[in-house]
Chemist: 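Pasting a structure here, questions to come.
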There are 2 protein chains.
Amino acid sequence: MSERDPERSMSQTVRAQLALRDMILSGRLRPGERISELQAVEITGVSRTPVRLALVRLEDEGLLQAIPSGGFMVKAFTERDILDSIELRGTLEGLAARFAAERGASARSLEPLKECLADLDQLVRQDPVSVEAFSAYVTMNARFHALLTELSASPPLIRQIDRVSALPFASPSGFVMAQSALPEAHQILLIGQDHHRIVVDAIENREGARAEAVMREHSRLAARNLRLVLRNRTHLDLLPALALLKSSAE
Amino acid sequence: MSERDPERSMSQTVRAQLALRDMILSGRLRPGERISELQAVEITGVSRTPVRLALVRLEDEGLLQAIPSGGFMVKAFTERDILDSIELRGTLEGLAARFAAERGASARSLEPLKECLADLDQLVRQDPVSVEAFSAYVTMNARFHALLTELSASPPLIRQIDRVSALPFASPSGFVMAQSALPEAHQILLIGQDHHRIVVDAIENREGARAEAVMREHSRLAARNLRLVLRNRTHLDLLPALALLKSSAE
DNA sequence: TTGTCCATTTATGTATACATATTGCACCCA
DNA sequence: TGGGTGCAATATGTATACATAAATGGACAA
């Protein structure tokens, strides 16, 4: 009875949204496939009204695409689309870092970020990095990026970054897990952590341009990971989000 | 009968969305004010289902804010929010210009942009600029920015720029009309047009960094206009979108 | 007079019935 | 056999009734 509590506590709309998102990201609904409301009702077990709301929300989340004549289909992404989304996130996070630097983030507000940095250092220091450490890194890395975004103190920018990061393959931690299976893993992790260190330093010293440039470059590590994984094609299973890739002949 | 055609041709959802958006931007619904579904039903004349859809759409358009306990309220913006939104748009348009330059926009695809540039030149050349010319400039300017965005050939970026520009005060032409009443009007117009010229030149010569920098600076003209208008406070009527400004003691 | 609790009212969340538009298939005609 | 037309099936769009949760106001007690 207690195990049903979390499910009971949320609205039907949210439940439908989660169920459908899961179906899409896991690849059970293929890119380009039309997803009718009735079908969605069967999948989620809720009625058409909340299902429709969930579909609209998934559309502006970027996972679905509206069909001109009505209804929705699962969006398909090219490799280029994904790379552009990563560059886009990098650009926005760069702007956030610049804002943080220019507006003089207080020493107190920088404290959580520094703590997060130290925690990441702990995890990265291991060699080889255990799978658990990788998993912990993913969580902590997401926290670092979230804290950095907040430091911009700009609601419109924060909102926009959140929207871009909603696409799983564009999120800061989207490709970290893939690294755990790549030979270049540890080195890339170390480089990424160095970026983290530099951006905090730049913000502290009010070096806006430097902070911005570093965050932009930082996002390109994710692009590098993506390319490595796609060329190897051995560890695609670690990246369920790639189910949305167009003509994925997996 | 024929005059009702355009109204009849669109869905109730779209109609409700337009009606509510108009109410918000015209200031008849004040920032922070809760807007209940029943109230929206009375305003729009359609039933709750499409009204609700419209409210959700206006939320991710950025005009409404969800209330945690349910329902929506009209979003309030600070002057800083607006300035940040403009900087955000400039950053994204800068990225678009860089993409266009780096990816080698073809001479053929640059053609419409150059035509648009020439048209703008025509309009700017007048001194003083007539009100009709200003109005034409607004239209043509919007077209220029749209074409430039398209040149990036990046669907994710285009999507994001469209979302930012949906906020009326963040759109490329949001503050042009205000210029028509400012003494600095003509000069700012000329500078803006020079930016246009430079960015086309930079794209043509594959100078990505230059194209990006110019578009960023270009957006700051809008920021300048905003500050001028707010300091003068004489021509606020030209900018209905400012109804969303927090504590606007107009 | 003020604070708290309960009742009432009004809001949103959900389901479903009905209206209308779109799509696809079959059949007929050229 | 190819193409077009029309009907049937199925999709989305809309309205509304019902369920449930939140907000409000009044009454009573401290």
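Atoms considered below: every heavy atom in the structure, side chains included; atoms not considered: hydrogens, waters and symmetry mates. All chains are named by letter (A, B, ...) in the order of the sequence lines, taking the proteins before the strands, and each is independently numbered beginning at 1.
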Chemist: For the pair made of CD in Glu33(B) and C1' in dA11(C), what is the distance, rounded to whole Å?
Modeler: 16 Å
Chemist: What is the nucleic acid contact for Ser69(B), judged by heavy atoms within less than 4.0 Å: base, sugar-phosphate only, or nothing?
Modeler: sugar-phosphate
Chemist: Output the rounded distance in Å from CG (Leu38(B)) to P (dA17(D)).
Modeler: 13 Å
Chemist: Once you round it to whole Å, what is the distance between P of dA15(C) and CZ of Arg52(A)?
Modeler: 15 Å
Chemist: So does Thr49(A) reach the base of dA15(C) with its side chain, donor to acceptor, closer than 3.5 Å?
Modeler: yes
Chemist: Rounded to the Å, how far apart are Arg34(B) CZ and dA23(D) C1'?
Modeler: 9 Å
Chemist: Expressed in angstrom and rounded to an integer, what is the separation of Ile67(A) atom CD1 from dA11(D) atom C1'?
Modeler: 10 Å
Chemist: What is the distance from CD of Gln12(B) to C1' of dA21(C), rounded to the nearest Å?
Modeler: 14 Å
Chemist: Which of these passes salt bridge (charged side-chain N to carboxylate O under 4.0 Å, His left out) with Asp84(A): Arg103(B), Arg159(B), Arg98(B)?
Modeler: Arg103(B)
Chemist: Between Ile35(B) and Val46(A), which has a closest nucleotide on DNA chain C that is more 5'?
Modeler: Ile35(B)
Chemist: Considering just the side-chain nitrogens and oxygens of Thr13(A), establish if one lies under 4.0 Å of OP1 or OP2 belonging to dT14(C).
Modeler: yes
Chemist: What is the separation between atom CE on Met10(B) and atom P on dA21(C), rounded to the nearest whole Å?
Modeler: 15 Å
Chemist: Separation of Arg15(A) atom CZ from dG13(C) atom C1', in whole Å?
Modeler: 12 Å
Chemist: Passes side chain to side chain donor-acceptor pair (under 3.5 Å), Asp162(A) versus Ser165(A)? Steps please.
Modeler: CA-CA 5 Å; Asp162(A) 285 345; Ser165(A) 301; 5.7 Å; no
Chemist: Would you say Ser173(A)'s side chain and Val138(A)'s backbone share a donor-acceptor pair under 3.5 angstrom?
Modeler: yes
Chemist: Whether the side chain of Asp81(B) engages the backbone of Thr78(B) through a donor-acceptor N/O pair (distance < 3.5 Å, no angle test) should be reported.
Modeler: yes
Chemist: Of all the nucleotides listed (dT14(C), dG13(C), dT12(D)), which has the minimum atom distance to the side chain of Pro50(A)?
Modeler: dT14(C)
